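For this chain, numbers begin at 1 and follow the sequence in order. Since this is a predicted model, take the numbers as computed values, not measurements.
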Amino acid sequence: MAYVRFAADERALFDLAFGAGLDHGEHPGLTEAGTALRDLLMPVTLRLTSDEAAAFELIVLTAAAAHGLAVFLCRAY
């Protein structure tokens, strides 16, 4: 919910962060941030699933749903 709230409250920053097409090769901090987030969430999702692959898939599916909702709300207003 915080992610969607961020998108709604900080629309310009959200658009910049996710619509700028930044190259991860030129901005390695993006990859590092993604890795840190995955490492933070994996222990939680591992408690809910049977193995690491399922835990990672849960992270991806949840992130995709939150991002899709955020984009939908930003475009609707």
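Both V71 and F6 are assigned to one and the same hydrophobic cluster, defined by single-linkage of ILVMFWY side chains at heavy-atom distances under 4.5 Å. Under the 4.5 Å side-chain heavy-atom criterion for grouping Ile, Leu, Val, Met, Phe, Trp and Tyr, V60 is connected to L41 within one hydrophobic cluster. Both L37 and M42 belong to a common hydrophobic cluster when Ile, Leu, Val, Met, Phe, Trp and Tyr are linked at side-chain heavy-atom distances under 4.5 angstrom.
With values rounded to the nearest 0.5 angstrom, R11 atom CZ is found 10.0 Å from L73 atom CG. The distance from atom CG of L40 to atom OG1 of T35, rounded to the nearest 0.5 Å, is 12.5 Å.
Between the side chain of T62 and the backbone N or O of I59, no donor-acceptor pair lies under 3.5 Å.
In this structure, S50 and A54 approach most closely via the heavy-atom pair OG-CB, 4.3 Å.
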